[in-house]
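Report on the following structure.
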Amino acid sequence: MMTRPTFSLIVHILVLVVAAFCPVTCFGTVPTSEPTNQERTGAVEARVNNLLKQMTLDEKLTLLGGTDGFFTSPIERLGLPKFRMSDGPGGVRCFGPSTAYTACVCLAASWDQDLARRVGTSMGRDARARGVNYLLAPGMDLYRAPMCGRNFEYLGEDPVLSGLTAAALVNGIQSQGVAATVKHFALNDQEFNRHNLSSNADERTLHELQLRGFQIAVREGKPMCAMDSYNPINGVHATQNAWLNNDVLKGEFGFTGLLMSDWWSCYDTLGMANGGLDLEMPAAKLYTPGKLKPLIDSGKVSMSTIDDKIRRQLRVAFTMGWLDRPQEDKSIPLDDPASIAVNIEEARGGITLLKNDDNLLPLDPAKVKNIVVLGPNADHPVTGGGGSGYVSYFHAVGVPEALAAEFPEPGRVTHIVWEPTEHFPAGGEADLATIRAADAVVICVGFDDPGCFGPNHGSDNEREEQDRTYNMPPGHSVLIQSVVKLNPRTIVVLNSGGSVSTASWIGRTKAFIHAYYPGSAGNIALADILVGKVNPSGKLPFSWEEHWEDSAAYGNYPNPDHPKSNTYKEGLFLGYRWFDEKKIEPLFAFGFGLSYTKFSFSHLTAAKDGADVVLSVAVQNTGDRAGAEVVQVYAAAPDGGLPHPVRELKAFGKVLLKPNETKTVSLRIKADDLKNWDPATKKWIPASGDYVFGAGNSSRDLPVNCHLLF
Ligand code: BGC
């Protein structure tokens, strides 16, 4: 009998032979047995080279620019169709309504890689239902300041959390034959003057922090695509930044996929061609044959550079199977109940309970007879932030509707609608009496739903092309203060991508939930959490400062008063690394989130497994409700070498526990994730000396520790 490797080898040779001799319109065949990764790669490369060989120069150059807003260019003579792209990252935006998932920052708050993979898979299915080949997701620039209009599209302030969450999303999306696109490479963490303002950071900060998430995502998720950002990095626009694209992304990170521009973010043909940009989107303004040919003729741009760009584009198509089957899968419903179920599940995992004095929550429907729900974000469903990350939904569930489903008897949920005003009370005496008499008040505040490219104010919504204010929209803080005075049993629910000023009300409010943006149906999860059907388990993926002045970016975050600089003076000390270094108490620490039960940690051990570290920690549910807990492991490197943060997140996992149940959680830290970048030698240096690992459920609560010597 023929052994599997021999059989595979023969299949592989056959594929190469067929690919090499097949006629012009043939793209080769797909092996019928399960090939190994190496075989798969070899077969793809053979098909890529075969097609490339048949292209004229003009055809090759045509492929370097997109077309029709969201497509790659076709080559009809060779039977190469145009491939369809869609935003991302909160669902499939571009071809009619779709399921809006939670904002990515909410998914990051779940700290749940299995869940992120399921969300990616579900987005991939939504893409297939619409014939979408490229999904322009996930977004993963690091959260640096709360005002960034796109924080909601990203995955928080830490590169391990964002890198692993992005990788899980990518794995899910690509499992459906849809190419994922990590974006925006890189340092696009502010929207003010985004085309011109340079993000400046030193090389160690870039390697260890700002680019690190992308490196982890490339290593663990193998995204087929990346998208360059609008902004210059250290003075050179991303789309022509050879160091960033060639040396780092394609060189050090080993990215073999396609690097596209953000929409209309190209500035210099020669710089782009030699600077690593493979595809100009949405159309060729600078990658035109007229501009490129003289550069090729004069030898300034080599043919092998052009061929590499084409190879990368074809590699995506062959690897994803787009030339072997139709991309549109009509068996998947456009309005898919399975996607809605995933949306509810991710909201259950991500929504974060930040304050719950006197155990005001959960609201027991047997005891809480009547509830008032009010606030601008209760008056219509707010599913997401705006811009290209906004997904038009088929249907959405608002908070009053979701709560009414938990308290179905008539009259138990009263929705009071008031116009936001700086002068309270806004309503009449009857409303005030209803609020006073309620067993609980749910007040919904935060940024509004602007649609894709709605009005550009900066104070009432979050979206690309604008940064927002640190304060909530006008009137929201006053509303909270006034309602809390009328009824202390008030729960504040916030929609935003990042922190907001809470100074005027947080001390007087018993309960506070950060709901991020819930997507189409995530308010059902919010209601589940409010009544205790679901025990909250989300943990903040960013640090919440008590005052903006406490933040690492304060004083060097660009705004109309300081328009010139986006220099990362904090270096490595971003987010919790800053609060730890400066010994500032955050209002809510990175990794923090409450549960309706309690957990304890014990028996943390760390051991070497080759060059990796394996950790084990016991987690017990010591309360009386089932619940999920996030185990977070931080490492403190020994002093003496390069200066470093007090502690850094290195691994995490989520575990579901019944009351009294104990589970042992095993986590692995890859050797590369303990290295530091040495700016002097421009090399990664492995861990050395005595490391302390701490485990717990926030960056500020690490009850168990252990040492490991390297
Ligand atoms: C955004 C990208 C998006 C692209 C296409 C740009 O304005 O920055 O994130 O993918 O538009 O919509």
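Numbers here are sequence positions counted from 1. Both counts, for ligands and for their atoms, begin at 1 and track the order of listing.
- Atom 12 (O) of ligand 1 has its closest protein heavy atom at Asp87 OD2, 2.4 Å.
- For Glu191 and Arg194, the salt-bridge test passes: some basic side-chain N is under 4.0 Å from an acidic carboxylate O.
- For Arg194, the heavy-atom gap to ligand 1 drops under 4.0 angstrom.
- Within ligand 1, the atoms closer than 4.0 Å to a non-hydrogen atom of Lys183 are 2 (C), 3 (C), 9 (O), 10 (O), numbered from 1 in the order shown.
- With 3.5 Å as the limit, one finds a donor-acceptor pair spanning the side chains of Asn566 and Ser199.
- To the nearest 0.5 Å, atom CZ of residue Arg311 and atom CD1 of residue Ile306 are 12.0 Å apart.
- Scanning all protein heavy atoms for the shortest distance to atom 7 (O) of ligand 1 gives Glu464 OE1, 2.6 Å.
- No part of Met85 comes within 4.0 Å of ligand 1, judged by heavy-atom distances.
- Only side-chain heavy atoms of Arg93 come within less than 4.0 Å of ligand 1; its backbone N, CA, C and O stay farther off.
- Every atom of ligand 1 is numbered from 1 in the order shown, and the set under 4.0 Å from a heavy atom of Met227 is 10 (O).
- Taking every heavy atom of both residues into account, Leu270 and Val301 meet most closely at CD1-CG2, 3.6 Å.
- At a 4.0 Å cut-off, at least one heavy atom of Tyr230 sits close enough to ligand 1 to count as contact.
- Contacts between Glu465 and ligand 1 below 4.0 angstrom, taking non-hydrogen atoms only, are absent altogether.
- Scanning all protein heavy atoms for the shortest distance to atom 9 (O) of ligand 1 gives His184 NE2, 2.7 Å.
- In terms of polar-atom proximity, Glu153 is not counted as a contact of ligand 1, lacking any N or O under 3.5 Å from an N or O of the ligand.
- Minimum heavy-atom separation, Cys94 to Asp87: SG-N, 3.4 Å.
- Scanning the protein for heavy atoms near atom 2 (C) of ligand 1, the closest one is Asp262 OD1, 3.2 Å.
- In the vicinity of Phe70, heavy-atom distances shorter than 4.0 Å reach the ligand 1 atoms 5 (C), 12 (O).
- If you number the atoms of ligand 1 from 1 as listed, the ones under 4.0 Å from a heavy atom of Arg150 come out as 1 (C), 2 (C), 8 (O), 9 (O).
- Residue Trp263 has no N or O atom closer than 3.5 Å to an N or O atom of ligand 1.
- The aromatic rings of His195 and Tyr267 sit perpendicular to each other, their planes meeting at more than 60°, with 30° as the lower class boundary.
- Of the charged side-chain nitrogens involved, at least one lies within less than 4.0 Å of a carboxylate oxygen, so that Arg144 and Glu570 count as a salt-bridged pair.
- Aromatic ring centres of Phe542 and Trp578: separated by at least 6.0 Å.
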>> Determine whether Ser122 and Tyr101 satisfy the following criterion, side chain to side chain donor-acceptor pair (under 3.5 Å), listing intermediate values before the conclusion.
In response: CA-CA 10 Å; Ser122 187; Tyr101 293 85; 2.7 Å; yes
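- Aromatic ring centres of Phe214 and Phe253 lie farther apart than the 6.0 Å criterion allows.
- Heavy-atom proximity to Ser388, at under 4.0 Å, picks out these atoms of ligand 1: 1 (C), 2 (C), 3 (C), 9 (O), 12 (O).
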